[in-house]
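Naming convention: chains lettered A, B, ... in sequence-line order (proteins, then strands); numbering from 1 in each chain. Hydrogens, waters and symmetry mates are skipped; everything else that's a heavy atom, side chains included, is used.
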Protein chains: 2
Amino acid sequence: MLTIGTLSRQTGVKIPTIRYYEQMGLMAAAERSEGNQRRYTPRDRDRLSFIKHARDLGFTIEAIRELLDLSAHPERPCADADEIAARQLQSVRDKILRLRMLETELGRMATRCHGDHIRDCYVLQSLANHEMCESEHR
Amino acid sequence: MLTIGTLSRQTGVKIPTIRYYEQMGLMAAAERSEGNQRRYTPRDRDRLSFIKHARDLGFTIEAIRELLDLSAHPERPCADADEIAARQLQSVRDKILRLRMLETELGRMATRCHGDHIRDCYVLQSLANHEMCESEHR
DNA sequence: ATCACATTCTCCAGTCGCTGGAGATATTAG
DNA sequence: CTAATATCTCCAGCGACTGGAGAATGTGAT
């Protein structure tokens with residue numbers, strides 16, 4: 001049996017976060033020691049690693065909940081899980097696109113500013129005037 | 001003089017958000033009508049547009065506060081503003097890099113899954129086992 | 001057994017950047 | 001003048017944690 005601290009070290013998930021996941025119902029309420037401290041099994045660790053991995057990949061808590069529910073039903077078709085992953089992939093791609101446009105704008109701002117004083121600062125002028133933007137960020 | 005609704009329409013910033021910016025000190029407390037409603041000048045609109053634009057580019061409220069402070073002092077060197085923009089650019093680039101790694105992993109997951117049942121679902125297996133990842137996302 | 005120290009407990013509040021509802025008041029068009 | 005629309009303040013909630021206070025528990029050394 002693992003203490004919450006050990007579990008935390010092994011998975012890289014902070015202690016308050018583990019408790020938060022319990023509260024959110026992603027992790028089952030852990031068993032307790034005599035003195036009311038949480039004790040975990042290796043299965044709990046696997047589940048938490050799954051959650052951590054999915055969070056690192058940007059899945060929302062809600063999506064992770066769905067994925068965990070799915071994995072509890074091995075007979076069901078896996079199309080649902082695929083769809084969740086595909087949705088996440090699309091959202092990542094959308095974010096990349098958007099960030100690329102921001103990168104362009106910010107790059108233009110940062111490289112073009114050669115004024116010495118705030119009065120002539122290209123960065124501030126660009127922010128003040130959307131017309132100066134070349135691409136349609138947002 | 002513009003009402004808050006008009007200002008909102010002209011800038012694309014929602015009404016509660018405008019009030020929020022006032023609370024946060026990004027916008028000065030607006031003048032009021034006889035009946036205590038906010039009234040804005042075109043200068044207020046310019047300032048709000050600046051804020052909106054910066055938010056769209058991902059600057060934090062704190063960074064925007066700094067930029068606005070800077071722009072109030074036209075004699076100061078603009079290196080500070082440049083630095084804030086450069087910082088933001090770097091953070092955007094970092095995010096893009098990270099998202100690209102996620103894209104790779106998610107892409108692999110989504111295309112490789114040809115199992116029919118959850119039991120064989122590649123998506124879920126990948127999430128359960130970080131070893132299956134090819135790149136070091138996070 | 002005792003002590004010191006580390007760990008964990010619960011509860012609550014704060015983070016960021018908004019967003020929306022309730023209920024009261026103001027303004028405006030017809 | 002009335003009805004419709006807009007705005008006011010206050011407060012609570014979102015997502016996903018994070019951290020502090022103060023009390024209780026667990027562990028290793030003497």
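- Nearest to the side chain of B/Y20, among D/dG26, C/dC18, D/dT18, sits C/dC18.
- We find that B/R87 and B/E62 are not joined by a salt bridge, their nearest charged nitrogen and carboxylate oxygen being 4.0 Å or further apart.
- No engagement by B/F59 is indicated, since no non-hydrogen atom pair under 4.0 Å with the nucleic acid exists.
- A straight line from CG of B/L48 to P of C/dC18 spans 11 Å, rounded to a whole angstrom.
- Between A/Q37 and A/R32, the side chains place no donor N or O within less than 3.5 Å of an acceptor N or O (distance only, hydrogens not considered).
- The distance from atom CZ of A/R38 to atom P of D/dT25 is 15 Å, rounded to the nearest whole Å.
- The phosphate of D/dG15 (OP1 or OP2) has no side-chain N or O of A/T60 nearer than 4.0 angstrom.
- Whole-Å rounding puts the B/M1 CE to D/dA6 P distance at 20 Å.
- Computed from coordinates, the A/Q23 CD to C/dC12 P distance equals 11 Å when rounded to whole Å.
- Taking atom CD1 of A/I61 as the reference point, atom C1' of D/dC14 lies 13 Å away to the nearest angstrom.
- Along DNA chain D, the nucleotide nearest A/T17 and the nucleotide nearest B/Q37 are compared for position; the residue whose nucleotide lies closer to the 5' end is B/Q37.
- Closest-nucleotide positions on DNA chain D for A/G35 and A/Y21 were compared, and the one nearer the 5' end corresponds to A/Y21.
- When each of B/T3 and B/K14 is assigned the nucleotide of DNA chain C with its nearest heavy atom, B/K14 is the one assigned upstream, toward the 5' end.
- Side-chain contact check for B/Y40 versus B/L48: every heavy-atom pair is 4.5 Å or farther apart.
- The CG-P distance, from A/N36 to C/dT7, rounds to 19 Å in whole Å.
- With hydrogens and angles ignored, the 3.5 Å screen pairs a side-chain donor or acceptor of B/R55 with a backbone N or O of B/F59.
- Nucleotides of DNA chain C nearest to B/R19 and B/R39 differ in position, and the one nearer the 5' end is that of B/R19.
- Straight-line distance from the CD atom of B/E62 to the P atom of C/dT15: 12 Å, rounded to whole Å.
- By the 4.0 Å N-to-carboxylate-O rule, A/R108 lies close enough to A/E105 to be salt-bridged with it.
- Of the side-chain N and O atoms in A/S33, one or more sit less than 4.0 angstrom from OP1 or OP2 of D/dG26.
- Atom CZ in B/R32 sits roughly 4 Å away from atom P in D/dT9 (whole-Å rounding).
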